[in-house]
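Below is one structure, written out as structure tokens; comments come after it.
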Amino acid sequence: MKFANNQELANIFYEIAYFLEMEGVPFKPYAYEKAAIILENLEEDIKDIYQRKGFKGVKAIPGIGESIAKKIEEYLKTGKVKYYEEFKKRYPVDIEELTSIEGVGPKMVKVLYEKLGITNLKELEKAARQGKIRNLPGFGKKTEENILQGILFLKKSGGRFLLGEVLPLAQEIEKRLKRVKGVKKISIAGSLRRRKETIGDVDILVVATKPEAVMEEFVKLPGIIKVWGKGTTKSSIRLETGIDVDLRVIPERSFGSALQYFTGSKDHNIALRKIAIDLGLKLNEYGVFKGNKFVAGKTEEEVYEILKMQWIPPELRENRGEIELAQRNRLPEIIELKDIKGDLHTHIKWKAKWDGGANTIQEMVETAIRRGYQYFGIASHTKALKIEHGLNEKQLEERNKEIDKINKTLEGKLVVLKGAETNILKDGSIDIKDEALKKLDYTIAGIHSHFKMEKSKMTERIIRAMKNPYINIISHPTGRILKKRDEYQIDFDKILRAAKETGTVLEINSYPERLDLNDINIKRAKEAGVKLIINTDAHHKDQLRYMEFGVSQARRGWAEKEDIVNCWPLKKMLKFFNKKSKRS
DNA sequence: GCCGTTTTCGGCCCGACTGTTTTCAGTCG
């Protein structure tokens with residue numbers, strides 16, 4: 001996480017918001033939640049702000065007033081917030097866990113605790129199985145069933161799915177429904193359209209002359225395990241993978257406003273509605289209204305236009321400053337898939353077993369040509385990574401010769417580059433000698449062992465690797481595996497400074513489980529003037545298509561062509577690499 | 001609890017659905 005203090009405080013305020021909601025206190029929950037979001041996205045350690053500018057400096061942050069500033073001060077001085085501790089004592093419940101169950105909110109948690117003493121998921125499941133829930137006031141048999149189902153679902157899926165597994169499924173559904181007669185418009189909406197790294201469920205919107213026909217096709221899709229809410233305007237299915245898909249039929253004149261509404265994010269929409277109010281308008285999923293008069297809604301473009309701003313690409317809609325820029329006509333020109341000129345992090349099958357890839361250089365290169373790339377880098381694993389049969393110096397040399405041979409046959413259709421994904425050892429040294437690195441076009445270095453080092457040591461370890469003049473790229477810089485492994489402990493600001501100073505590029509790894517750097521870190525890197533590269537880490541030729549996910553992640557991080565070195569022409573990119581090593 | 005060319009009080013985003021009710025609270029997106 002960015003700054004430990006900020007995150008800790010944010011978590012405390014999120015929980016306070018829940019507690020206040022439990023008690024039915026109006027408006028305060030919103031204030032605490034807002035403060036939590038602000039803290040999470042703060043570009044500076046709140047402790048530094050407090051030390052430099054004191055209580056006043058904290059209070060000066062928009063969204064943080066007298067009362068919350070006091071609690072921040074208290075936390076920084078004592079490590080605790082009394083107001084929060086008292087809530088915790090009154091309701092010793094794992095409120096985050098409990099409310100993560102679909103259909104369970106703060107009010108229910110309160111009843112569950114006060115009547116049955118339930119504090120966590122396990123206890124809730126037990127009570128539900130024993131049939132104790134149905135007799136609670138305001139609860140019933142159906143609620144009890146829903147809670148059990150919700151728990152089951154949560155256990156199975158962790159609640160969210162990877163972008164990389166959901167997007168192809170959703171696109172396939174979209175394609176099938178598009179073919180139904182009478183379908184005029186169709187679009188994926190929701191967090192999937194914003195290309196978030198994980199997806200809760202899929203929303204698809206459709207305009208059709210014969211809605212019944214679309215609904216009928218929808219509930220007949222292959223791989224469905226459950227259908228519900230089968231109405232005239234909305235229908236839901238659950239697929240074998242456990243993900244829910246909602247289909248909504250929209251009146252034609254409202255398609256744009258519905259698409260805007262269902263794409264979100266929630267924060268972005270709230271901000272837009274406030275702007276609408278300021279303009280004397282009302283914005284909802286049916287359109288933009290002046291009084292009772294419909295004034296816009298057929299397309300998203302006209303919705304944004306009437307709110308006096310540029311149309312905002314879905315990936316930017318997180319209320320992180322995009323609205324202000326759109327109002328000033330200053331949105332960044334974020335990159336597109338077609339801007340990508342090559343992929344520099346790919347693995348091959350070499351002499352039966354080395355490097356751990358599934359396809360030969362030739363096969364990978366053919367796919368790369370089909371993708372329209374101008375250059376393509378092979379970044380073979382190196383010797384310290386035994387599990388992938390990493391190459392040693394001599395084997396790298398052999399492989400280089402093979403690449404030379406293939407380049408000759410390509411007649412400039414594409415240039416194959418000689419790279420390696422070396423290992424950053426525990427002390428920050430590289431597992432391949434400089435002499436061998438010198439002969440490559442570029443070198444990647446990544447951490448593949450000793451993930452659990454202390455923060456300062458891990459940071460130093462990566463910085464030492466970046467200081468090596470032959471290391472051009474740090475692969476998957478934070479090491480997280482979505483839903484499995486947290487990032488390793490690093491001081492990302494220090495990493496950024498070192499990357500800038502040494503001219504080292506940070507990778508946006510497109511592998512669906514990684515997507516590392518994430519959107520927030522990409523934006524920070526861009527702001528720090530650090531160059532980035534989007535790579536797939538493909539171990540199979542079919543995985544070269546993962547590029548799409550890395551690009552959407554980069555878009556979410558506001559990256560423009562100039563920020564991404566593999567949007568550059570080959571010469572310019574190599575020149576940037578060589579500047580570091582003086583290799584020429 | 002926060003905020004202010006509707007400034008120190010009175011607002012705070014909006015609508016639908018579900019399950020529980022018999023007119024609505026809670027939850028969701």
Side-chain angles (χ1 to χ4, degrees), chain A residues 13 16-38 58-72 81 83-84 95 98-112 133-147 149-150 159 189-194 196 199-203 205 228-236 244 246 248 250 254 257-289 307 317 319 323:
Chain A
F13 291 149
I16 290 177
Y18 273 132
F19 286 131
L20 290 164
E21 264 182 69
M22 272 167 82
E23 304 210 316
V25 179
F27 306 115
K28 285 191 193 185
Y30 177 70
Y32 277 101
E33 207 181 298
K34 212 172 136 197
I37 294 170
I38 288 162
V58 175
K59 200 177 160 245
I61 301 168
I64 293 179
E66 184 82 20
S67 173
I68 291 185
K70 266 194 189 141
K71 293 182 178 76
I72 292 175
V81 178
Y83 184 63
Y84 168 70
I95 197 158
L98 287 170
T99 52
S100 67
I101 303 162
E102 181 85 10
V104 177
K107 300 274 165 63
M108 276 195 187
V109 171
K110 182 164 189 267
V111 178
L112 289 167
I133 306 290
R134 64 184 75 178
N135 301 320
L136 293 172
F139 290 62
K141 197 163 173 239
K142 189 81 193 166
T143 310
E144 185 175 274
E145 275 169 27
N146 286 345
I147 286 174
Q149 283 235 340
S191 55
L192 187 55
R193 181 158 178 249
R194 302 200 313 278
K196 273 199 71 158
I199 307 294
D201 54 20
V202 178
D203 281 304
L205 308 186
W228 71 100
K230 204 182 147 189
T232 48
T233 61
K234 189 190 161 191
S235 210
S236 303
D244 293 345
D246 293 341
R248 292 165 201 275
I250 310 289
S254 300
S257 45
L259 187 56
Q260 195 292 312
Y261 174 82
F262 285 109
T263 297
S265 65
K266 197 177 164 209
D267 285 346
H268 177 89
N269 285 359
I270 289 173
L272 280 197
R273 277 183 222 131
K274 282 184 183 162
I275 287 169
I277 290 169
D278 287 344
L279 293 169
L281 302 167
K282 192 174 77 167
L283 168 65
N284 59 34
E285 59 262 53
Y286 303 108
V288 185
F289 298 87
L307 297 178
R317 300 183 195 171
N319 199 24
I323 292 172

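In this text the structure is predicted, and so the values were computed from the model without any measurement. Residue numbers begin at 1 in each chain, while the letters A, B, ... track the order of the sequences.
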Notebook entry, point to check: Quick one: side chain to side chain contact (heavy atoms under 4.5 Å, CB included) partners of A:N319, sequence neighbours excluded?
Noted result: A:D267, A:A271, A:E322, A:I323

Item checked: Between A:Y32 and A:K71, a side-chain donor and acceptor under 3.5 Å -> yes

Margin query: Using a 4.0 Å heavy-atom cut-off, does A:K28 contact any base of the nucleic acid, only the sugar-phosphate backbone, or nothing at all?
Written below: base

Notebook entry, point to check: Who are the salt bridge (Lys or Arg N to Asp or Glu O under 4.0 Å) partners of A:K59, not counting sequence neighbours?
Noted result: A:E66

Note to self: If I pick the C1' atom on B:dC14 and the same atom on B:dT7, what distance separates them, to the nearest angstrom?
What the structure shows: 26 Å

Notebook entry, point to check: If you measure from the P atom in B:dG15 to the same atom in B:dT20, how many Å do you get, rounded?
Noted result: 26 Å

What does the list of N/O pairs under 3.5 Å between the protein and nucleotides 19-23 of chain B look like, with a distance for each?
unit_1: B:dG19; atom_1: OP1; unit_2: A:N146; atom_2: ND2; d: 3.1
unit_1: B:dG19; atom_1: O3'; unit_2: A:T143; atom_2: OG1; d: 3.0
unit_1: B:dT20; atom_1: OP1; unit_2: A:G140; atom_2: N; d: 2.6
unit_1: B:dT20; atom_1: OP1; unit_2: A:G140; atom_2: O; d: 3.3
unit_1: B:dT20; atom_1: OP1; unit_2: A:T143; atom_2: N; d: 3.3
unit_1: B:dT20; atom_1: OP1; unit_2: A:T143; atom_2: OG1; d: 2.7

Note to self: In this structure, how many angstroms lie between the P atom of B:dC14 and the CG atom of A:L283, rounded?
What the structure shows: 9 Å

Item checked: Nearest-Å distance once atom P is located in both B:dT6 and B:dC12 -> 15 Å

Check: Which is true for A:L20 with a 4.0 Å heavy-atom rule: it touches a base, it touches only sugar-phosphate, or it touches nothing?
Finding: nothing

Notebook entry, point to check: Between B:dC14 atom P and A:K282 atom NZ, what is the distance in whole Å?
Noted result: 8 Å

Margin query: Please tell me if A:Y286 has a side-chain N or O lying less than 4.0 Å from either OP1 or OP2 of B:dA16.
Written below: yes

Distances under 3.5 Å between protein N/O atoms and the N/O atoms of nucleotides 25-29 of chain B, please, pair by pair.
unit_1: B:dT27; atom_1: OP1; unit_2: A:G105; atom_2: N; d: 2.8
unit_1: B:dT27; atom_1: OP1; unit_2: A:G105; atom_2: O; d: 3.0
unit_1: B:dT27; atom_1: OP1; unit_2: A:M108; atom_2: N; d: 3.0
unit_1: B:dT27; atom_1: OP2; unit_2: A:K107; atom_2: N; d: 3.3
unit_1: B:dC28; atom_1: OP1; unit_2: A:G103; atom_2: N; d: 2.7
unit_1: B:dG29; atom_1: N2; unit_2: A:Y261; atom_2: OH; d: 2.4
unit_1: B:dG29; atom_1: N3; unit_2: A:Y261; atom_2: OH; d: 3.3

Checklist line | Rounded distance (Å) that lies between atom C1' of B:dG15 and atom CD1 of A:I270 | finding: 13 Å

Listing time: all N or O pairs from protein to nucleotides 2-4 of chain B that are below 3.5 Å?
unit_1: B:dC2; atom_1: OP1; unit_2: A:G65; atom_2: N; d: 2.6
unit_1: B:dC2; atom_1: OP1; unit_2: A:G65; atom_2: O; d: 3.3
unit_1: B:dC2; atom_1: OP1; unit_2: A:I68; atom_2: N; d: 3.2
unit_1: B:dC2; atom_1: OP2; unit_2: A:S67; atom_2: N; d: 3.3
unit_1: B:dC3; atom_1: OP1; unit_2: A:G63; atom_2: N; d: 2.5

Donor-acceptor pairs under 3.5 Å, side chain of residues 22-31 of chain A to any protein atom, not counting sequence neighbours: which ones?
unit_1: A:E23; atom_1: OE2; unit_2: A:R90; atom_2: NH1; d: 2.8
unit_1: A:E23; atom_1: OE2; unit_2: A:Y91; atom_2: OH; d: 2.6
unit_1: A:Y30; atom_1: OH; unit_2: A:K274; atom_2: NZ; d: 3.0

Checklist line | Most 5' of A:K71 and A:Y30 on DNA chain B, judged by nearest nucleotide | finding: A:K71

Note to self: Nearest whole Å is fine: how far is B:dG11 P from A:I277 CD1?
What the structure shows: 13 Å

Item checked: A:N284 side-chain N/O to B:dG15 phosphate OP1/OP2 under 4.0 Å -> yes

